[in-house]
Amino acid sequence: MAKGKKSQVLPQTQGAAENIMGGSTTNGTGMLYNKNNPNKMTKNGINLGASAYNYNSGLNLAAAQQYAAGLPEGMKDYLKSHPDETLPNGINGAVIEQLEKQYLQQGTGGKRASIEEGYIKPDFLKSEEDIKELQKSLNIPQTGIWDIKTDQAYNKAFENLPEYIAQSNPQIAGLQFNDDTVQGRACISTATNNALAMLGIDDDYQNIYEWFRVNGVTLGPAELPIGAIQYIKEKHPELEVTSVLGFDPLSGIASLTAPQDQKIVDRAANQIQEKGQGILCYTYDGGAHYVAIKGAEEGKVVVYDYWWDSSLNNGNGGFETQPVAREYDNLNSFLKQETDNAKNKRMVGLYSIGVR
């Protein structure tokens, strides 16, 4: 709580707070309601499992688990982001954070609970085999159980990542990403992160990674650009995405084999200067790639990407571990530049991003 400020009680949560209190004994009506209705919430989003944990540990373990795992998101996040506001029963953001921590260490009757019960696996993991595959990429025992060791190893992979992220960052490079790894396939997710960073938006890469694992649109070995557009529209409705396709949509992707229309490239270049930043998707001999791109003075562009140099002896296979901003005279000059691992580049689409 900020110094010198009085805690504010939220009148609109009075009824929910009374339900959370539920009586301090096992005979309280609120406690009995919790026991018989483990999944119910009040109309304003308070999960009644809170009282089951606070006042009678173990009476309603299922509901308490849901609460400790982060439900309900709306009220939990609201209280955490408003540290000066407290419910009538004393619950505030700090209490919620402490509750979540304590639950992972406590269980029914004060006994230590099975840690596995307190951890929730990411939504993209649908089976025991999925967990084993991710555990393999984390270099930990492949038990198929989302336990404390797995949870800690997974979250550690995303700790203290830089603002701009390279697929080849050693922390995340080997993580599973669909039928490949982050380094091998997840450029759409890192380009999305980096383009948002250009706008000053600090979007947790772990959230981006998990969203694409669930919602990404794939076609064979490729991630389709619509995924990045959907992510931005869903998570950042204040932003506007404008697309310039590098091929004739009526002819389909097959038209990518035709010579690049310079007028299309020029139109994309104008868009990136107008909006300021965006995501560029291009093909090259043997594959395709996404990069974050930014407009600069006099029509120049700055590309944020990691690079590979066969002579770079950095212990990471020649891949730079952080994205480097490189400036080009214009978009066309970037597309015409050939590197060791990107020859005959051709624009698939330019997706400029700006504030509405």
Side-chain angles (χ1 to χ4, degrees), residues 167 184-196 198-199 212 216-233 236 239-308 323-356:
Q167 291 171 253
R185 183 159 175 164
C187 54
I188 190 171
S189 66
T190 53
T192 300
N193 176 91
N194 297 342
L196 292 173
M198 291 175 179
L199 281 157
F212 274 99
V217 182
T218 63
L219 178 64
E223 304 292 327
L224 297 186
I226 188 64
I229 297 171
Q230 288 176 338
Y231 178 85
I232 293 169
K233 287 184 175 180
H236 300 282
L239 301 179
E240 182 177 47
V241 181
T242 303
S243 304
V244 177
L245 298 180
F247 60 95
D248 179 4
L250 296 178
S251 300
I253 295 196
S255 64
L256 283 172
T257 59
Q260 183 92 68
D261 186 338
Q262 187 58 46
K263 291 180 180 179
I264 292 178
V265 176
D266 292 341
R267 188 161 68 248
N270 290 335
Q271 275 293 323
I272 205 64
Q273 294 300 329
E274 179 181 336
K275 297 289 186 180
Q277 55 282 309
I279 299 170
L280 173 67
C281 176
Y282 63 88
T283 59
Y284 60 89
D285 287 352
H289 192 43
Y290 292 87
V291 293
I293 186 169
K294 184 176 184 178
E297 294 182 355
E298 299 179 352
K300 294 182 179 180
V301 296
V302 179
V303 176
Y304 284 70
D305 194 20
Y306 74 100
W307 307 84
W308 180 76
V324 177
R326 284 182 167 83
E327 187 176 81
Y328 297 85
D329 288 340
N330 49 54
L331 177 58
N332 202 48
S333 64
F334 168 71
L335 292 170
K336 288 185 175 181
Q337 182 207 42
E338 293 191 347
T339 62
D340 287 349
N341 62 334
K343 300 182 185 299
N344 296 319
K345 288 185 288 190
R346 178 196 172 93
M347 186 183 85
V348 175
L350 186 283
Y351 308 91
S352 57
I353 307 168
V355 179
R356 292 184 184 276

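For the numbers below, each heavy atom of this structure counts, side chains included, while hydrogens, waters and symmetry mates do not.
Between the CZ atom in Arg267 and the OG1 atom in Thr242 there is a gap of 12.0 Å [rounded to 0.5 Å]. Taking CD1 of Ile279 as the start and OH of Tyr231 as the end, the distance is 11.0 Å to the nearest 0.5 Å. Going from atom NZ of Lys345 over to atom CG of Leu280 covers 8.5 Å, rounded to the nearest 0.5 Å. Interatomic distance, Asp285 CG to Asn344 CG, rounded to the nearest 0.5 Å: 4.0 Å. Between Leu350 atom CG and Asn270 atom CG the span is 10.5 Å, to the nearest 0.5 Å. Interatomic distance, CD1 of Ile353 versus CG of Leu199, reported as 6.5 Å (0.5 Å rounding).
For Gly227 against Phe212, the heavy-atom pair with the smallest separation is C-CE2, 3.7 Å. Scanning all heavy atoms of the two residues, the minimum distance from Ala186 to Gln167 falls at N-NE2, 3.7 Å. Listed here is the closest heavy atom pair of Ala296 and Val302: CB-CG2, 4.2 Å. Heavy atoms only, all atoms of each residue included: Val244 and Met347 are closest at O-CE, 3.9 Å. In terms of heavy-atom proximity, Pro225 sits nearest to Tyr290 at N-OH, 3.0 Å. Of all heavy-atom pairs between Gly246 and Ile264, the closest is CA-CG2, 3.8 Å.
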> After noting the C-alpha distance and the side-chain angles of Arg346 and Tyr284, does the key distance pass the side-chain contact (heavy atoms from CB on, under 4.5 Å) rule?
Replying inline: CA-CA 6 Å; Arg346 178 196 172 93; Tyr284 60 89; over 6 Å; no
>> As a quick check of understanding, evaluate side-chain contact (heavy atoms from CB on, under 4.5 Å) for Glu223 and Arg185, giving each step before the final call.
In response: CA-CA 8 Å; Glu223 304 292 327; Arg185 183 159 175 164; 2.5 Å; yes
> How far apart are the C-alpha atoms of Val301 and Asn330, what are their side-chain angles, what is the distance that settles it, and do they pass the side-chain contact (heavy atoms from CB on, under 4.5 Å) test?
Replying inline: CA-CA 6 Å; Val301 296; Asn330 49 54; 5.9 Å; no
> When you look at Tyr351 and Ile229, which way does the side-chain contact (heavy atoms from CB on, under 4.5 Å) test go after all the steps?
Replying inline: CA-CA 8 Å; Tyr351 308 91; Ile229 297 171; 3.7 Å; yes
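Applying the salt bridge (charged side-chain N to carboxylate O under 4.0 Å, His left out) definition to pairs two or more places apart or across chains, those involving residues 288-304 are Lys300-Glu327.
Panel note: side chain Arg356, backbone Leu239; a donor-acceptor pair is recorded below 3.5 Å.
Of the candidates Gln271, Gln277, Lys275, Gln271 is the only one forming a side chain to side chain donor-acceptor pair (under 3.5 Å) with Ser352. Leu331 pairs with exactly one of Val303, Ile293, Ile272 by the side chain to side chain contact (heavy atoms under 4.5 Å, CB included) rule, that one being Ile293. Of the listed residues (Val348, Val291, Leu224), just one forms a side chain to side chain contact (heavy atoms under 4.5 Å, CB included) with Cys281, and that residue is Val348.
Partners of Asp266 according to the side chain to side chain donor-acceptor pair (under 3.5 Å) rule, which considers only residues two or more places apart in sequence or in another chain, are Gln262. Partners of Thr190 by side chain to side chain donor-acceptor pair (under 3.5 Å), not counting sequence neighbours: none found.
The aromatic ring centres of Tyr282 and Phe334 sit less than 6.0 Å apart.
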